[in-house]
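Report on one structure; see the data block that follows.
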Amino acid sequence: MSAKEQIAKIISDATGEDRKICMKTLEMAEEGKGDIASKIGFILAKKMKMSPAQAAQEIEGTLEPHEWVEKTEATGPYLNFFLSNAFYQEAVRKINALGNNYGRGNANRKTIVESPSVNPNKPWHIGHLRNALLGDASANILEFHGDNVQRMDYIDDLGLQVAQSLWGYLNLDEKDRPQFLGEEKPDHWIGAEYVKVAEKIEREPLVKQSVKGILREMENGGNKTAEKARWLAEECIKAQYETAFAYGVYHDVLICESDIMREIFSEGMESLKGSGAVEHEKSGKNEGCWVARMSGKMRGMTEPDKILIRSNGTATYTGKDVIFHLWKFGKLKGDFRYGEFVLQPNEEKAYISKARGIEREYGNADVLVNIIGVEQKYPQEVVRHLLDLLGYEKEAKKFIHLSYEHAWLPEAKFSGRKGTWLGYTADELLEEGKKRALDKVKKELTGNVREEIAGQVAVGAIRYAFLKIAPEKKLVFKWNEVLSLEGDSGPYLQYACVRAKRILEKAGMEREPEPPLKYEFNETEKKLIKELSEFPLVAGQAAEKLRPHMISGYIYGLANTFSKFYTTNPVLKAETENKKEMRLAMVAAFRDVLSIGLGILGVPVPKKM
RNA sequence: GCCCUCAUAGUCUAGCCUGGACAGGACACGAGCUUGCGGAGCUUGGAACCUGGGUUCGAAUCCCAGUGAGGGCACCA
């Protein structure tokens, strides 16, 4: 039980009020006013027929003593609790004992996190990167919460964009081909070709016809063109995944749209049609289409109804997506087969859906998290609404669209279609970051070691910059802020962690910390321990709310507190052996909690820097 | 037309769900300390809730109406 939970119990016992309500009245007290404050006076004033201040007084008199509470004070309407040495002692012991498992939950749900689902015909730009990092951090948070997470990537290998890229691959003249063909990563040249083709289509209607022909063959499947398209898409994804790996992003499974069409689409469609959840339009402008009636949900829109099956019998993106989500929730009999796609640097294999392959256990989840841009809110709402209409109300509630705003560099905005992504890819961002990080690394370090550490600093800086701000905020990426070693940045936190580790190393890190059994904590020490003991609550909330930036905010505050502790409380040179032992235990606790937090954000911790 | 986000100091941002003690933090700016357990540190000063109503003992937070910025309302994805 945490200090807050313990105090909530004490108040609850004294007042008879629900423990959860008591919990909500608690917050960290202000400096000098105690450690944990309760605003219970406000809550119970009416019931007790007295002023909030009187109520607080009254309650204060009836509190049972507890070994973790040194004293209590009613200050105005607030009830302030001062924590005892016994609490701090126990808190340090507990973190030392649990180490990397401190704060870990046991939610034990099956959860799918889908991200980033980038079209397989271009390199990642920084918008895709924001998606991938949010997905990765969310998956980490949920795993720490105790969920069994499937990191899933949806691949739209049947899209017009792939058809255009394939046309370019097969037909572009030498002079029209991007100059760097063969030198760049495949995702880069496929993307550059796509831009060329898109331009050509504007001018030449014949090209447009030809691309449409390719698309038709891809959709029909079972032919050379479809095979070629799939091959091109996979080449592109493999290249995109090199970017992913460089940023420390990994996946468990990739599901391709072509496999959705072959394996589960017709079954899903039949169950949709049979359920009455979708309607076949007999007249009007949508005549012959199967539509999801959204007018009840989205009043006043010009076209609230969403077409799932076109009048020519083919499915729209949303139509396929609804069926895909039925599968994710384990509501279909059909299933995919899988093959190994790539062995990732974390030594985990990523699997990909394919026509002939082995069976694997994916899908069948309790909770779905889709990391998708805010501009797709409406189609995501359609999917949820249909789940509801199909009678899966529980599932609809556990269908989470984690939407995020655009990210860009101050210089320009991105438009994949127009090709202005050139110069703003995730690869180029990391290269630039490495270059800039290089002279921030300790001078004594040279050669490969220096390069490696610069890489870790760059990844940490970029990941932290993306993950420290709320996803619904627009994000402008500014190098001088991102790589600043002062203030709220990845490198600052990396440094704090390195520094703590170094102290422990010097003290002989092999052994477990052995905090003394009796100890008088000073105010700075108390502050650090109190903050450390907040971590399980923060981690739990970040998971429930799916807000990765809660983790970054917390560890940044924690690192600041540690810095204050560090400057005024010598560890290795502590006045007494007793103090040294306790402070070492505290440094170890700090290192563990900070490492967990950085691990969740995917910020690597260099050995030195 | 309708729907959805966002709006906090010179700049960036947390808090809003679940209303309470002087709105937290960073960068920049001012003053001081620190030659170290490893340079990013510490102490300290000035500086902000878009507007107008409402609910409440109490509103950055909830409700209503505006304003500004962005996004959505395809047989595109």
Side-chain angles (χ1 to χ4, degrees), chain A residues 20-21 23-25 27 29-30 33 37 39 41-43 45-46 51-52 75-78 80 117 119 156 158-161 257 281 285-291 294 297-321 372-379 381 403 405-406 440 442-443 468-470 472-476 478 480-481 484-489 491-496 498-500 502-507 545 549-550 552-554 556-557 560 562-574 580 583-584 587 608-609:
Chain A
K20 271 187 191 146
I21 295 178
M23 189 72 185
K24 275 186 193 168
T25 69
E27 59 194 33
E30 284 175 39
K33 287 183 177 157
K39 55 189 180 196
F42 287 115
I43 311 297
K46 256 196 192 135
S51 77
T75 313
Y78 288 88
N80 291 316
S117 307
N119 268 324
D156 182 6
L158 286 187
L160 182 65
Q161 298 203 348
E257 186 177 314
E281 294 280 22
K285 63 187 284 275
N286 292 340
E287 185 178 344
C289 299
W290 289 84
V291 304
M294 296 296 289
K297 286 224 44 118
M298 310 271 176
R299 286 175 303 274
M301 284 189 177
T302 39
E303 292 292 339
D305 293 344
K306 187 75 197 170
I307 290 166
L308 304 181
I309 303 286
R310 303 179 185 102
S311 52
N312 68 7
T314 60
T316 63
Y317 173 81
T318 307
K320 297 170 194 168
D321 212 28
I372 303 178
V374 63
E375 67 279 359
Q376 290 200 40
K377 198 151 193 160
Y378 169 65
E381 219 29 70
S403 70
E405 265 293 349
H406 291 280
K440 315 242 171 188
K442 209 172 179 182
K443 288 182 190 65
K468 80 170 180 174
I469 95 162
E472 66 271 17
K473 295 258 189 190
K474 295 175 180 98
L475 188 151
V476 182
K478 292 175 185 154
N480 54 344
E481 289 170 17
S484 159
L485 302 182
E486 291 154 31
D488 192 6
S489 74
Y492 169 79
L493 289 162
Q494 290 174 314
Y495 179 66
V498 168
R499 198 159 55 164
R502 185 75 178 135
I503 294 171
L504 294 167
E505 218 170 279
K506 279 203 165 178
K545 298 181 185 173
H549 73 281
M550 289 179 70
S552 37
Y554 167 79
Y556 178 61
N560 269 340
F562 180 74
S563 278
K564 284 169 200 163
F565 161 81
Y566 173 89
T567 45
T568 50
N569 292 268
V571 178
L572 297 175
K573 292 174 187 166
K580 180 176 165 183
R583 286 179 187 164
L584 278 173
V587 174
K608 296 174 173 181
M609 63 186 285

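Atom set for the values below is all heavy atoms of this structure, side chains included, hydrogens, waters and symmetry mates excluded. So you know, we letter chains A, B, ... as the sequences are listed, proteins then strands, and number each from 1.
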Can you tell me the distance, in whole Å, between the [atom1] atom of [X] and the [atom2] atom of [N]?
X      : N      : atom1 : atom2 : value
A:I309 : B:rC75 : CD1   : P     : 13 Å
A:K306 : B:rC2  : NZ    : P     : 21 Å
A:I372 : B:rG72 : CD1   : C1'   : 14 Å
A:K320 : B:rA77 : NZ    : C1'   : 9 Å
A:K39  : B:rG19 : NZ    : P     : 7 Å
A:K24  : B:rG20 : NZ    : P     : 13 Å
A:Q376 : B:rG72 : CD    : P     : 10 Å
A:M294 : B:rA74 : CE    : C1'   : 15 Å

Starting the side chain at C-beta, find the nucleotide from B:rA77, B:rC75, B:rG72 nearest to A:E375.
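Of B:rA77, B:rC75, B:rG72, B:rG72 is nearest to the side chain of A:E375.
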
Residue list, side-chain hydrogen bond (donor to acceptor under 3.5 Å, both in side chains) with [X], at least two apart or on another chain:
X      : result
A:N480 : none
A:D305 : A:R293
A:E257 : A:Y154, A:K320
A:T25  : A:S38

Taking salt bridge (charged side-chain N to carboxylate O under 4.0 Å, His left out) as the test, write out the residues that go with [X], two or more places apart.
X      : value
A:E375 : none
A:E486 : none
A:K440 : none
A:D488 : A:K468

Within-4.5 Å side-chain heavy-atom neighbours: [X] and [Y]:
X      : Y      : result
A:E281 : A:W290 : no
A:V587 : A:Y566 : no
A:R583 : A:N569 : yes
A:K506 : A:L572 : yes

Could you write out RNA chain B as dot-bracket? Rules: Watson-Crick or G-U wobble, both distances under 3.5 Å, brackets [ ] for crossings, | for pairs with another strand, dot for unpaired.
(((((((..((((......[...)))).(((((.......)))))....(((((..]....))))))))))))....

Can you name the atoms? Protein N/O to nucleotides 7-17 of chain B N/O, anything below 3.5 Å, with the distance.
unit_1, atom_1, unit_2, atom_2, d
B:rA7, OP1, A:K473, NZ, 2.9
B:rA14, OP1, A:A470, N, 3.0
B:rA14, OP2, A:K473, NZ, 3.0
B:rG15, OP1, A:H549, NE2, 3.3
B:rC17, N3, A:K545, NZ, 3.1
B:rC17, N4, A:K545, NZ, 2.6

NA contact type, [X], heavy-atom cut-off 4.0 Å: base, sugar-phosphate, or nothing?
X      : answer
A:P52  : nothing
A:Q494 : nothing
A:N80  : base
A:E27  : base

Going 5' to 3' along nucleotides 32-45 of chain B, which nucleotides have protein heavy atoms under 4.0 Å from the base (write B), which only from the sugar-phosphate (write S), and which from neither (write -)?
-----BBBBSSS--

What is the glycosidic conformation of B:rG70: syn, defined as within 90° of 0, or anti?
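Here B:rG70 takes the anti form, which means its glycosidic angle is more than 90° from 0.
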
Taking ring-ring contact (aromatic ring centres under 6.0 Å, His included) as the definition, give me every residue that meets it alongside A:Y495, ordered by chain and number, with sequence neighbours left out.
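For A:Y495, no residue satisfies ring-ring contact (aromatic ring centres under 6.0 Å, His included) once neighbours in sequence are set aside.
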
Whichever of A:K33 and A:E257 has its nearest RNA chain B nucleotide further upstream toward 5':
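The answer here is A:K33.
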
If you find the nucleotide of RNA chain B closest to A:N119 and the one closest to A:K46, which residue's nucleotide is nearer the 5' end?
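Closest to the 5' end, via its nearest nucleotide, is A:K46.
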
Take atom [atom1] in [N] and the same atom in [M], then report the distance between them in whole Å.
N      : M      : atom1 : answer
B:rG71 : B:rA26 : C1'   : 29 Å
B:rC3  : B:rU8  : P     : 24 Å
B:rC50 : B:rG24 : P     : 16 Å
B:rA14 : B:rA48 : C1'   : 13 Å
B:rU18 : B:rA65 : C1'   : 26 Å
B:rC33 : B:rA69 : P     : 49 Å
B:rG72 : B:rC29 : C1'   : 42 Å
B:rG46 : B:rA7  : C1'   : 24 Å

Using the rule for Phe, Tyr, His and the six-membered ring of Trp, do A:Y78 and B:rA21 stack at under 5.5 Å and under 30°?
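Yes, A:Y78 stacks on the base of B:rA21.
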
For the side chain to side chain contact (heavy atoms under 4.5 Å, CB included) test, which of A:V291, A:I307, A:I309 pairs with A:T316?
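Of the listed options, the one satisfying the test is A:I307.
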
